[in-house]
Asks: 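Okay, handing you the structure first.
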Amino acid sequence: MCAERIFAGNDDDDDRISQLPDDILVDILCLLSLKEAGRTSVLSTRWINLWKHTPSLDFDGEISFEAKLKESMGKDIPLEELEKLCKLPKSKRRKYTEWVNSVIQSHKSPTLKQFRLRYALDTSDKNSITLWLQFASSRQVQSLELFAPGSMAFDFKRLKELFFKHVNVSGGSIESFLRNCPLLEKLTVHSLGKLSKLEVCGSSLVLKHLEI
Amino acid sequence: MAAETGTPTTLTLKSNDDELFSVAESAAILSVTIRNMVEDGCAGGVIPLDNVDGKTLASVITYMNGISAIPADEEKKKSYRDKFLSDKDFETLADMVLAANYLNMSCLMDAVSAKIAQVMEKKSVGWVRRKFGIENDYTPEEEAAVKEEHKWTFEGVETDDDN
């Protein structure tokens, strides 16, 4: 690939990349997956903390359930059945939970543009999810995407985009969530259950895009 | 206005090693730094760019002229950027990303950053160190500790080192 070409003529040991300023290196790390960005911490002491400043956290876990859900679209499969279909073994879920916890414990960026959780967690992971939502809220997240049930009593003053992907939520809980998101511009709800009624209201809601 | 009268305004840019370059204002204002100077009326004489050397500035100006000659067509602009960067070695890319940052040219910044990130993608730590000449200054114990702390970054990851 182009790698060989890029390094043509770079025979000396001059470590130009490590001499670039932090903000440029963080920009570059933002273009890598979270795991790849995190792995650069092992390169040298210069790199140990750089990935912790990326403003986007995308926990792309095992997403095989997304295909299963797509298959079941249109078929009238009961909710409990669907949940069973997507459920992953406890060991896998624990691994994912540990991963997210370990990252958010060391992550240093004061604000987040994006926080994305993609995994078939379930109600037994409620405490962790609550913790993650609190984290996202404390970092003034702008775009939040989650696949998980969970409590929604948080304040998301800076949130502009919100995706509920296959989350088992009721219209009522979305409504109460929206009251905490005065700047929300884009709302996407792909609900597992049937959404019977959704009232979007709020004094300062600036919603521009709604997809259900 | 200038374009209508057939005499486009040109600016004179000066690199930190005292080379002078003439460039059309319409191309130069791709740089927000330069645009601000023009808008503030401080671009009358020579514009000194203290953080960019002549070789890099020449290259950035080639880019400015090339990209501003393309009408608003994101596809064409992208393919111009790819072609422009395709024969640059890493030294040049590093100079270019620093210059783009200083000149506040987000389109060039993003393109060069993406190019550098692409090189690191799916590569092992050892490969990246060798290719970029990064010296491992950890003691073996420290390195083991950092690896342990970041062991999630090695899980389920396949690298495709090609040397």
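Just so it is clear, the model here is predicted, and its values are computed rather than measured. Convention: sequence-line order gives letters A, B, ...; per-chain numbering from 1.
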Asks: So which part of N136(B) gets closer than 4.5 Å to some heavy atom of chain A, the side chain, the backbone, both or neither?
Replies: both
Asks: Please name the pair of heavy atoms, one in L43(A) and one in Y138(B), separated by the smallest distance, quoted to 0.1 Å.
Replies: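 Reported closest heavy-atom pair: C-CE1, 4.2 Å.
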Asks: Does D27(A) reach the side chain of M109(B), with side-chain heavy atoms less than 4.5 Å apart?
Replies: yes
Asks: What's the separation between atom CG in D23(A) and atom CG in N101(B), rounded to the nearest 0.5 Å?
Replies: 5.5 Å
Asks: Crowded around E19(B) CD? As in, over 12 foreign heavy atoms under 6.0 Å?
Replies: yes
Asks: What distance do E91(B) atom CD and I17(A) atom CD1 have between them, rounded to the nearest 0.5 Å?
Replies: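 Result: 11.0 Å between the selected atoms.
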Asks: Could you report the tightest heavy-atom contact between P21(A) and L98(B), atom names first, then the distance?
Replies: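 That closest heavy-atom pairing would be CD-CD2, 3.4 Å.
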Asks: Using atom types as modelled and distance alone, determine if a side-chain donor or acceptor of D137(B) lies under 3.5 Å from a backbone N or O of S44(A).
Replies: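 Checked: no pair found.
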Asks: Which atom pair, heavy atoms only, marks the closest approach of I134(B) to S18(A)?
Replies: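 Closest approach of I134(B) to S18(A): CG1-OG, 3.9 Å.
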Asks: Measuring heavy-atom distances to chain B, does L25(A) have an atom under 4.5 Å in its side chain, in its backbone, in both, or in neither?
Replies: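 It is neither, since no heavy atom gets under 4.5 Å.
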Asks: Sub-3.5 Å donor-acceptor pair from the side chain of K147(B) to the main-chain atoms of V42(A), do we have one?
Replies: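 No.
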Asks: Under a 4.5 Å cutoff for heavy-atom pairs, which residue among I28(A), L29(A), T45(A), L20(A) has the most contacts with chain B?
Replies: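 Highest number of pairs under 4.5 Å: T45(A).
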Asks: Quick check against the 3.5 Å criterion: does E36(A) have a side-chain atom that pairs as donor or acceptor with the backbone of K122(B)?
Replies: yes
Asks: Count the heavy atoms of every other residue, nucleotide or ligand shown that sit under 6.0 Å from NZ of K52(A), and state whether that count exceeds 12.
Replies: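 More than 12 within 6.0 Å, yes.
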Asks: Report which part of T40(A) has an atom under 4.5 Å of a heavy atom belonging to chain B: side chain, backbone, both, or neither.
Replies: side chain
Asks: Can you confirm whether E39(B) is buried at CD, in the sense that more than 12 heavy atoms of other residues, nucleotides or ligands lie under 6.0 Å from that atom?
Replies: yes
Asks: Side chain from CB out, backbone as N, CA, C, O: work out which of these in S102(A) comes under 4.5 Å of a heavy atom of chain B, or both, or neither.
Replies: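 Contact with chain B: side chain only.
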Asks: Tell me the closest heavy-atom pair linking D15(A) and G133(B), and the distance in Å.
Replies: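 Closest heavy-atom pair between D15(A) and G133(B): CB-O, 3.3 Å.
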Asks: Please report the shortest heavy-atom distance between L31(A) and E121(B), naming the atom on each side.
Replies: O-OE2, 4.3 Å
Asks: Among the options M120(B), R129(B), E149(B), pick out the one with the most heavy-atom pairs lying under 4.5 Å from chain A.
Replies: R129(B)
Asks: Let me see the working for L93(B) and R16(A) under side chain to side chain contact (heavy atoms under 4.5 Å, CB included), right down to the final yes or no.
Replies: CA-CA 10 Å; L93(B) 290 179; R16(A) 277 302 301 280; over 6 Å; no
Asks: Where does the angle between the aromatic ring planes of W51(A) and W152(B) fall among parallel (under 30°), tilted (30 to 60°) and perpendicular (over 60°)?
Replies: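 It falls in the perpendicular class, over 60°.
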Asks: Determine whether a donor-acceptor pair (N or O, by modelled atom type, separation under 3.5 Å) exists between the side chain of R39(A) and the backbone of K123(B).
Replies: yes
